A.B. asks: 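One structure, pasted below without further comment.
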Amino acid sequence: MKKDGFFEQVYVLTKKIPSGKVTTYGQIAKKLGTKDARRVGHALHANPYKEVPCHRVVNKEGRVAENFAFNGPDEQISRLRAEGVGFVSKCYVDLDKHLYILC
DNA sequence: AGCCTGACTCAAA
DNA sequence: CTTTGAGCCAGGC
């Protein structure tokens with residue numbers, strides 16, 4: 001287990017997302033002082049911590065990572081919906097209402 | 001070591 | 001409005 005500060009920061013911030021809220025890769029990336037949102041995506045893709053609700057992290061369009069979800073796209077969407085997240089479309093969450101603003 | 005791809009985003013044409 | 005290019009950087013082969 002090697003220490004990747006960047007990865008850990010991503011996990012920590014992601015875990016801080018309250019139920020019924022979502023955030024974007026860009027927000028996390030900027031919060032960590034980088035412009036590379038892709039690394040955030042990679043961090044979550046590596047996601048060694050099962051406690052990290054990666055399904056609460058979406059892209060700027062509010063779209064979930066259906067292609068790389070755990071059991072399938074429906075699982076991820078279903079979880080968000082169960083947490084009270086509103087969907088404007090099948091795979092798109094309502095960012096205007098549920099976007100978690102990092103501080 | 002080098003090339004290609006990617007759970008991204010923004011800006012310009 | 002859509003399409004393209006560029007920025008950033010790590011992981012896989």
Side-chain angles (χ1 to χ4, degrees):
Chain A
M1 202 53 187
K2 49 187 183 168
K3 45 186 178 327
D4 288 298
F6 191 88
F7 275 55
E8 284 193 34
Q9 301 295 308
V10 175
Y11 302 138
V12 170
L13 289 177
T14 304
K15 283 193 287 190
K16 288 168 96 169
I17 304 173
S19 188
K21 292 277 183 177
V22 293
T23 194
T24 68
Y25 299 103
Q27 287 294 320
I28 296 173
K30 297 205 168 193
K31 181 63 188 170
L32 298 183
T34 181
K35 307 151 170 51
D36 190 10
R38 277 204 276 228
R39 262 198 331 179
V40 179
H42 269 287
L44 292 173
H45 191 188
N47 189 16
Y49 302 102
K50 59 181 169 88
E51 302 303 299
V52 179
C54 30
H55 56 268
R56 285 186 195 149
V57 185
V58 294
N59 63 12
K60 261 258 168 129
E61 300 179 309
R63 191 198 186 191
V64 301
E66 45 177 299
N67 267 324
F68 285 85
F70 330 85
N71 306 295
D74 297 312
E75 178 63 48
Q76 188 156 8
I77 296 166
S78 190
R79 286 190 179 192
L80 290 169
R81 220 171 27 184
E83 291 172 359
V85 177
F87 278 74
V88 295
S89 185
K90 185 169 187 183
C91 305
Y92 292 76
V93 297
D94 192 337
L95 288 180
D96 293 320
K97 293 183 179 182
H98 305 292
L99 176 60
Y100 175 61
I101 304 170
L102 303 172
C103 297

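So you know, we letter chains A, B, ... as the sequences are listed, proteins then strands, and number each from 1. Computed from a predicted structure; not experimentally measured. Values below: all heavy atoms of this structure, side chains included; hydrogens, waters and symmetry mates excluded.
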A.B. asks: Quick one: which of Leu99(A), Val57(A), Leu102(A) gives a side chain to side chain contact (heavy atoms under 4.5 Å, CB included) with Thr24(A)?
C.D. replies: Leu99(A)

A.B. asks: Applying the side chain to side chain contact (heavy atoms under 4.5 Å, CB included) test to Val58(A), which of Leu95(A), Val85(A), Thr23(A) qualifies?
C.D. replies: Leu95(A)

A.B. asks: Whole-Å distance between dA10(C) P and Gln9(A) CD?
C.D. replies: 15 Å

A.B. asks: Nearest whole Å is fine: how far is dG11(C) C1' from Phe6(A) CZ?
C.D. replies: 14 Å

A.B. asks: State plainly whether one hydrophobic cluster holds both Val22(A) and Val52(A), where clusters connect Ile, Leu, Val, Met, Phe, Trp and Tyr through side-chain heavy atoms under 4.5 angstrom apart.
C.D. replies: no

A.B. asks: Write down the distance separating the C1' atoms in dT3(C) and dA7(B), rounded off to the nearest Å.
C.D. replies: 23 Å

A.B. asks: Looking only at heavy atoms, which two atoms of Gly20(A) and His98(A) are closest? And how far apart?
C.D. replies: O-ND1, 3.2 Å

A.B. asks: Check whether more than 12 heavy atoms from other residues, nucleotides or ligands sit under 6.0 Å from atom NZ of Lys15(A), and answer yes or no.
C.D. replies: yes

A.B. asks: Look at the rings of His45(A) and His42(A) and say which category their plane angle falls in: under 30° parallel, 30 to 60° tilted, over 60° perpendicular.
C.D. replies: tilted

A.B. asks: Return a single string for nucleotides 1-8 of chain B, one symbol per nucleotide in 5' to 3' order, where B is base contact, S is sugar-phosphate-only contact and - is none, cutoff 4.0 angstrom on heavy atoms.
C.D. replies: -----BBB

A.B. asks: Rounded to the nearest Å, what distance is computed from the CD atom of residue Glu61(A) to the P atom of nucleotide dC10(B)?
C.D. replies: 10 Å

